[in-house]
Amino acid sequence: MSLQVMLSQLSAGMVTTILIFVLTLLFSLPLGLIISFGRMSENFLIRNIAKIYISIMRGTPLMLQLLVVYFGPYYIFGISISSSYRAYAVIIAFSINYAAYFAEIYRGGIESMPDGQYEAAKVLGYTKNQTFFKIILPQVVKRILPSVTNEVITLVKDTSLAFSIAYAEMFTIAKSIAASQKSMIPFVAAAIFYYVFNFFVASLMEFWEKKMSYYR
Amino acid sequence: MKKLMEMNHVKKSFDGNEVLKDISLSVEEGEVVSIIGPSGSGKSTLLRCATLLETMDAGDLIYLGEKAAKDENGKTVYVKNNELKRIQQQFGLVFQNFNLFPHYSVLKNITDAPIHVQKREKEEVLFEAKTLIEKMGLSDRADYYPCQLSGGQQQRVSIARALAMKPKILFFDEPTSALDPELTGEILKVIKELAREKMTMVIVTHEMNFAKDVSNRMIFMDQGVIVEETTPEQMFQSENQRTREFLGQYHNLG
Ligand SMILES: Nc1ncnc2c1ncn2[C@@H]1O[C@H](COP(=O)(O)OP(=O)(O)O)[C@@H](O)[C@H]1O
Ligand SMILES: [Mg+2]
């Protein structure tokens with residue numbers, strides 16, 4: 001296999017990896033917000049369901065969760081798994097897992113907001129929705145950005161866990177080429193890719209944090 | 001004289017600790033009422049009940065003859081939320097620690113609620129905000145963020161923010177207590193100017209000279225009750241033991 005062929009196969013994997021990354025964030029960020037509301041709910045049942053959910057998601061390996069999501073429909077319900085489900089399983093498992101981490105980050109941010117902001121908004125007549133989306137959330141986002149950055153960087157690396165269900169993203173492809181070609185090059189290429197990807201993500205987040213530093 | 005606000009027989013407890021014990025208070029149009037009293041006497045709680053930030057246990061709350069809350073057999077019952085929202089437009093509150101929105105500029109802090117809550121014409125709101133900003137001496141600060149302002153400037157923004165809603169009555173909870181002594185003067189000046197313009201105000205304050213100057217009526221609260229309610233002149237010549245003791249702590253009375 002020529003280097004060119006190797007790299008072109010790897011680059012297909014890169015695109016898949018980036019796609020997993022983007023879709024996971026797209027679903028887990030809003031889902032995390034909803035779960036954080038559940039976690040802070042005044043309803044005992046909802047609050048505790050959210051609490052247990054978060055505890056399980058954070059307390060068990062992501063790889064195991066991925067396997068359960070992928071094989072679960074077959075082992076539990078006897079539904080045969082089509083190969084296209086593999087991609088869905090990856091996105092579902094990653095999204096519900098990351099949503100749990102994001103939920104706790106949101107909660108920390110929301111609970112750190114001073115009461116005075118809610119009270120000022122209330123006296124001015126803002127509705128609950130306006131208060132949350134105009135006054136509270138923008139400030140929460142600024143507060144939690146550093147923790148979100150940490151999670152997002154971890155996610156870039158965690159995408160490689162998709163290899164456990166043989167989903168053809170960057171790492172799975174690198175591993176199989178390395179085995180068949182008896183070469184280290186794919187691993188080196190993969191390492192460079194993850195590093196550059198993360199460097200890019202970190203720079204983006206840093207830029208965003210800087211942009212938000214116009215106020216305290 | 002038109003009665004703008006009325007509280008009748010208000011009671012409020014926090015976990016069994018009665019903080020307001022049968023408080024009645026009414027404010028007429030154009031009046032400036034100061035509330036003084038030792039810390040913990042229930043002054044903030046009273047303002048917070050009046051501004052719907054706290055729910056009363058018993059008693060009525062009435063704005064311009066419209067009941068926001070009514071006592072029914074010793075228990076306060078509030079009117080429906082949409083009615084409360086409307087009544088809420090009658091008053092404003094200036095907080096001790098400003099509570100400005102840090103992510104909004106001075107101008108947006110002042111204009112956002114009139115535009116998005118009251119749904120008023122943007123042009124008109126912006127125009128009025130400019131006038132308010134000028135009046136508060138902040139003309140060169142409209143695009144600044146709260147963190148770039150001094151405490152005194154922040155408090156002036158928060159007064160402008162409250163005024164932009166065109167309230168009929170404005171409450172102040174120790175508006176200068178979070179400020180360095182050299183900055184309190186500028187806020188007191190602004191409030192005095194509002195008093196000259198016949199803005200109806202209820203002011204909780206520890207600035208005795210200011211209270212004496214600015215108010216038509218003073219209320220001395222202690223341990224959840226109104227001990228005395230009278231003109232500033234009479235308040236400072238009170239024969240009441242508790243009033244004298246309290247006022248005695250302020251030696252700088254001129
Ligand atoms: N949210 C609350 N929960 C419990 N106790 C409170 C609460 N708010 C006020 N209090 C108590 O009520 C009393 C009166 O407080 P406050 O109205 O703030 O007095 P003031 O403003 O005159 O200093 C104090 O003893 C205070 O501890
Ligand atoms: Mg107080």
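Remember, predicted model here, so these are calculated numbers, not experimental data. Order of the sequence lines fixes the chain letters, A, B, ..., with proteins taken first and strands second; residue numbering starts at 1 for each chain.
Proximity to chain A is limited to the side chain of B:Arg48, based on heavy atoms less than 4.5 angstrom apart. With a threshold of 4.5 angstrom between heavy atoms, A:Tyr214 approaches chain B through its backbone and through its side chain. Interface residue B:Leu100: only backbone heavy atoms are found under 4.5 Å from chain A. Looking at B:Asn97, neither its backbone nor its side chain comes within 4.5 Å of chain A, counting heavy atoms on both sides. Residue A:Lys142: no heavy atom, backbone or side chain, is found under 4.5 Å from chain B. The contact between A:Gln130 and chain B is made entirely by side chain atoms (from C-beta outward), counting heavy-atom distances below 4.5 Å.
For CD of B:Glu123, the number of neighbouring non-hydrogen atoms (other residues, nucleotides, ligands) closer than 6.0 Å is 12 at most. Environment of NZ in B:Lys67: sparse, with no more than 12 heavy atoms of neighbouring residues, nucleotides or ligands closer than 6.0 Å. Within 6.0 Å of the CZ atom in A:Phe187, the count of heavy atoms belonging to other residues, nucleotides or ligands exceeds 12. More than 12 heavy atoms of other residues, nucleotides or ligands shown are found within 6.0 angstrom of CZ on A:Phe71. In the displayed structure, B:Phe14 atom CZ is contacted under 6.0 Å by more than 12 heavy atoms of other residues, nucleotides or ligands. Atom NZ of B:Lys85 has more than 12 heavy atoms from other residues, nucleotides or ligands within 6.0 Å.
Residues A:Gln117 and B:Pro102 come closest through the heavy atom pair OE1-CD, 3.5 Å. Minimum heavy-atom separation, B:Gln89 to A:Gly125: NE2-CA, 4.5 Å.
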- Query: Taking it one step at a time, do B:Phe171 and A:Val123 satisfy side chain to side chain contact (heavy atoms under 4.5 Å, CB included)?
  - Reply: CA-CA 11 Å; B:Phe171 296 91; A:Val123 171; over 6 Å; no

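The backbone N or O of B:Val117 lies less than 3.5 Å from no partner atom in the side chain of A:Tyr126, so there is not a single donor-acceptor pair.
Residue pairs that meet the side-chain hydrogen bond (donor to acceptor under 3.5 Å, both in side chains) test with at least one member in residues 152-163 of chain A, sequence neighbours left out, are A:Tyr98-A:Asp158.
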With a cut-off of 3.5 Å and sequence neighbours excluded, list every side-chain donor-acceptor pair involving residues 57-68 of chain A.
unit_1: A:Thr60; atom_1: OG1; unit_2: A:Ile56; atom_2: O; d: 2.9
unit_1: A:Thr60; atom_1: OG1; unit_2: A:Gln65; atom_2: NE2; d: 2.8
unit_1: A:Gln65; atom_1: OE1; unit_2: A:Asn97; atom_2: ND2; d: 2.8
unit_1: A:Gln65; atom_1: NE2; unit_2: A:Met57; atom_2: O; d: 2.9
unit_1: A:Gln65; atom_1: NE2; unit_2: A:Thr60; atom_2: O; d: 3.1

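Looking only at heavy-atom pairs under 4.5 Å with chain A, the residue among B:His116, B:Gln88, B:His103 that has the most is B:His103. Ranked by heavy-atom pairs under 4.5 Å with chain B, the first of A:Lys134, A:Arg216, A:Met212, A:Lys122 is A:Lys134. Counting heavy-atom pairs closer than 4.5 Å to chain A, the top residue among B:Tyr104, B:Phe91, B:Phe98 is B:Tyr104.
Distance check, rounded to the nearest 0.5 Å: CZ of B:Phe101 to CG of A:Leu124 gives 5.0 Å.
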